[in-house]
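A short worksheet on the structure shown next.
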Amino acid sequence: MPDAPPPTLRLRIDTSALASNWRTLDGMSGTAKAGAAVKANCYGLGVEACVPALRDAGAELFFVAHWSEVAAVARHVPPEQIAVLHGPITGDHAAYARSVGVLPVINSVMQARIWSDTGGGPCHLMIDTGINRLGINPHDLAEEAVQVLDVQILMSHLACADEASPMNEKQRAAFTSCHSAIKHSQLSLANSAGVALGSDYHFDVSRPGLSLYGGIPRAELAELIQQVAYPETAIMQVRNLVAGDCVGYNATFTADCDMRVGVVSLGYADGYLRSWAGNGFLTHAGRLLPLLGKVSMDMIVIDLTNAPELLEGDWLEVPYSLPEASQSSGLSQYELLTILGPRFH
Ligand SMILES: *Cc1c(COP(=O)(O)O)cnc(C)c1O
């Protein structure tokens, strides 16, 4: 089978912006060193493009969620720099960790037993300080199976770092009060937003994800973090509508005058959700090209009035400044990154 011709959708990754964001977050982390959350295929932007840029910028610790995410990351960084947040749920997971050389994050007494019973070795330990997702209850730190762990990084995760919430100080205090309960080499609490909470939250290692990829969870980061992901899509067909013509499923747009429109290769299967209908637009050289009618699975229709010279095959930009796109779509900045579909080149 010959290779498919180039697609009509592409995602440009600004790897210098990515590297700069890592350096910014590392600098803001003070004496702590920034790692990098690279789970979910680098938040949807692609391990192949992002992990080498983060590594070359200086990152030495990479967090994935699933065991299935290890192999792609391990092609670019030493396995001992990879931490698997979901931890070992079965003996198979523990065996895989040892054979590859990656470190599990232990999240419960059960996981501690699985890790120790299958041979132990260096690991990280997640404590729950109030988010009540994964993480061992502080009362269980005294358990024998936990005490015998060879803990590299003792960590916890903030629930409300993107807001001014008393939860932040409460979790920080709860985390601090656990430090003497278990031997460890390093401490880690802050995600992207946590880095902006200040030096009390930095400890030895920070774990930014969202802001590496251009997300701005707190105002302090606004002027410092650069956009990384630039989706682009091509016009497949230009059409001339006459007044009274309507567009798309359910005919929700009707032209009130003659107009030139473009049928564009971008749809909800690519992560351009139907919630954009009504306020979405693409751009070309700074000109706004409003979305007309509903978003289909594989295409949208846009108004070309502001760019009369555009033709089939011309490329358009999908505005993807995460804070702004989040405002206008109602999606979180995290979702805007991770929903970008597999048809982007
Ligand atoms: C995803 C994740 C991070 C990164 O969080 P961001 O908000 O994206 O910066 C850090 N730590 C843990 C445990 C995570 O699951």
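Just follow the structure's listing: the first ligand is 1, and inside any ligand the first atom is 1. Basis for what follows: all heavy atoms, side chains included, without hydrogens, waters or symmetry-related copies.
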Closest non-hydrogen protein atom to [atom], residue and atom name please, with distance?
atom	answer
atom 15 (O) of ligand 1	Lys39 NZ, 2.6 Å
atom 7 (O) of ligand 1	Tyr334 OH, 2.5 Å
atom 5 (O) of ligand 1	Asn191 CB, 3.3 Å
atom 9 (O) of ligand 1	Ser192 OG, 2.5 Å

- Item | Any donor-acceptor pair under 3.5 Å from Glu335 side chain to Ser332 backbone | yes

Distance-only donor-acceptor check, side chains [X] and [Y], under 3.5 Å:
X	Y	result
Asp303	Thr305	yes
Glu48	His76	yes
Ser20	Gln226	yes

- Item | Heavy-atom side-chain proximity of Ile136 to Asn107 below 4.5 angstrom | no

- Message: Please verify the inter-ring angle class for Phe175 with His179; under 30° counts as parallel, over 60° as perpendicular, anything in between as tilted.
- Response: perpendicular

Is the closest N or O pair between [X] and ligand 1 shorter than 3.5 Å?
X	value
Leu210	yes
Ser211	no
Gly209	yes

Between [X] and ligand 1, which residue portion shows a heavy-atom distance shorter than 4.0 Å: side chain, backbone, both, or neither?
X	value
Arg133	side chain
Arg207	both
Phe63	neither

Using a 4.0 Å cutoff against the non-hydrogen atoms of [X], which atoms of ligand 1 qualify?
X	result
Tyr43	1 (C), 4 (C), 5 (O), 6 (P), 8 (O)
Ala37	4 (C)
Leu85	13 (C), 14 (C), 15 (O)
Pro208	9 (O)

Pair [X] + [Y]: basic N to acidic O under 4.0 Å:
X	Y	answer
Lys39	Glu69	no
Arg343	Asp270	yes
Glu309	Arg287	yes

- Query: Applying a strict 4.0 Å limit to heavy atoms, is Met126 in contact with ligand 1?
  - Reply: yes

- Test the Arg55-Trp22 pair against the cation-pi criterion, namely NZ or CZ under 6.0 angstrom from the six-membered ring centroid and within 45° of the ring axis. no

